[in-house]
Amino acid sequence: MSDAGSGDAANARDKGGVLAWLDARLPVVSGFRKEYVEYRMPINLNGLWNFGAILTVMLLIMLATGIFLAVNYTPTAAGAFASVEAIERQLPSSWLLRAVHAGGASLFLAALYVHLFRGLYYGSYKRPREILWLTGLVLLLMVMVAAFAGYVLPWGQMSYWGADVAGKAVDAIPFIGPGLEHVLQGGDAPGDVSLHRFFILHMVVAFGVLGVVVVHVAALHFTGSNNPLGIEPRTPDETVPFHPYYTSKDALGLVLFGVLFAALIFFMPGLVFEAENFRPANPLHTPADIEPAWYFLPFYGMLQSVPSKFGGLLAAMGSILVLFLVPWLDTSPIRSARFRPFYRVCMGLLVLCFVLLGLVGRHHAEGGWMVVGRLAVVYYFAHFLVLLPLSARTERRIVLPDGIAAALDRDL
């Protein structure tokens, strides 16, 4: 029996090689070919669809560099700052790995915001892609949690006071706020316990993101990709295999993104690192300007624009949570904003409000910025809760093209 089994295995290897033998028992190769080589994609995807591949590669880079940094990091109030300094100055080439990790966080969030905007603009949240949208929003929340926890870890001045501001914001929640603050910080002020918890949270959530990405990609492959027209492919001529058409396109996008990444790290490090955070945390000295990283500034602007701390926290949290309702708030049968003039204008105003809220957070909602911030907050929620449901009424007479091919021929 043993000899016969060995002979069968040898014959399989001779006929199709080791991969064929493995695929007959565990269809890894054929499954990969089906999902990433022969998988059919709409023929008209534009450059905004490159950001899915960019985010995947960036996630792997962040995990790889994060593991190395974690091995050399000391999660205590007395040793955290010194361990980061040692990584920067003593370990060979570690300054580059830390720059890649910190710069990657900024570009990862930037790419994630573009990815989110693309989904809103082209209606990628509509039936049958609700699960795809919801898992994407879960990923957004997880990445934001991991990014904030990672921002605290260097234990510089901005890290310490950022954690302190977050704790006070949580404390403003009625009834449960003080308990949540204690769970988050382990005491009345950031210290050893809070730093250790932020370190564990950062690592656990970062690897949890990888698991949710698998579910997100599975949902994408089950329902198929949306496209700029928002019209499902109707014939084989309206689709192409993923390889080589979109693998080459994604490769070009990754190269361009890599050039931007390198320029940020080597020529514009001031955009990645804050000078104040190169000073060790000092609970007795409050920095003149306490503000989060740029990717949290719009939510910080909301937090400051609302008069009460709890109201500001509700606005900041609600700005993300309202996105979970978008598939049901938008009742229009038309997906893409290309065929929705009113919605297209609303989307432009939404992006403008998001940018303005970032500027409000940067200027601490003082003077005229307070008025701008409050108007932007009102429009942000009005966009989703009022204008989005009403937009369907303005689109009843819009006639869509018969298919992707017909629309492309018409454009030509």
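- Between G123 and N226, the shortest heavy-atom distance links the atoms C-ND2, 3.9 Å.
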| task | Output, in order, the C-alpha distance, side-chain angles, deciding distance and verdict of ring pair (Phe, Tyr, Trp, His ring centres under 6.0 Å) for F354 and Y113. | result | CA-CA 11 Å; F354 193 74; Y113 287 154; 5.5 Å; yes
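- Nearest approach of L297 to G358, heavy atoms of both residues: CB-O, 3.7 Å.
- Side-chain contact, D23 with S30: a donor N or O sits under 3.5 Å from an acceptor N or O.
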| Evaluation steps, salt bridge (Lys or Arg N to Asp or Glu O under 4.0 Å), between E238 and R40 | CA-CA 9 Å; E238 296 181 343; R40 308 296 294 188; over 6 Å; no
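- Of all heavy-atom pairs spanning K309 and A172, the tightest one is CB-CB, 3.7 Å.
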| message | For a ring pair (Phe, Tyr, Trp, His ring centres under 6.0 Å) check, start with the C-alpha distance between Y36 and H221, then their side-chain angles and the critical distance, and finish with the verdict. | response | CA-CA 10 Å; Y36 293 99; H221 282 234; 5.2 Å; yes
| field | Derivation and outcome, ring pair (Phe, Tyr, Trp, His ring centres under 6.0 Å), residues W49 and Y122 | value | CA-CA 11 Å; W49 267 259; Y122 292 116; 5.3 Å; yes
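- Between V37 and P241 the shortest heavy-atom distance is O-CB, 3.7 Å.
- With hydrogens and angles ignored, the 3.5 Å screen pairs no side-chain donor or acceptor of S225 with any backbone N or O of M41.
- We find that E85 and R98 are not joined by a salt bridge, their nearest charged nitrogen and carboxylate oxygen being 4.0 Å or further apart.
- Contact between M347 and L120 at its shortest, heavy atoms only, is CE-CB, 3.8 Å.
- The distance from the NE2 atom of H383 to the CG atom of L350 is 4.5 Å, given to the nearest 0.5 Å.
- For the pair T331 and P389, the tightest heavy-atom approach, listed with the atom from each and the gap, is OG1-O, 4.0 Å.
- Using a 4.0 Å cut-off between charged nitrogen and carboxylate oxygen, K34 and E38 do not count as a salt-bridge pair.
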| message | Working note: L137 + I320, criterion side-chain contact (heavy atoms from CB on, under 4.5 Å); need CA distance, chi angles, decisive distance, verdict. | response | CA-CA 8 Å; L137 292 177; I320 299 294; 5.7 Å; no
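- Atoms OH and OH, from Y121 and Y343 in turn, are 9.5 Å apart once rounded to the nearest 0.5 Å.
- Annotation: the span from Y73 atom OH to W155 atom CH2 amounts to 8.0 Å, rounded to 0.5 Å.
- Classification of R127 and D330 as a salt-bridged pair fails, no side-chain N sitting under 4.0 Å from a carboxylate O.
- Residues E274 and R279 are not paired through a salt bridge, judged by the lack of any N-O separation under 4.0 Å between the basic side chain and the carboxylate.
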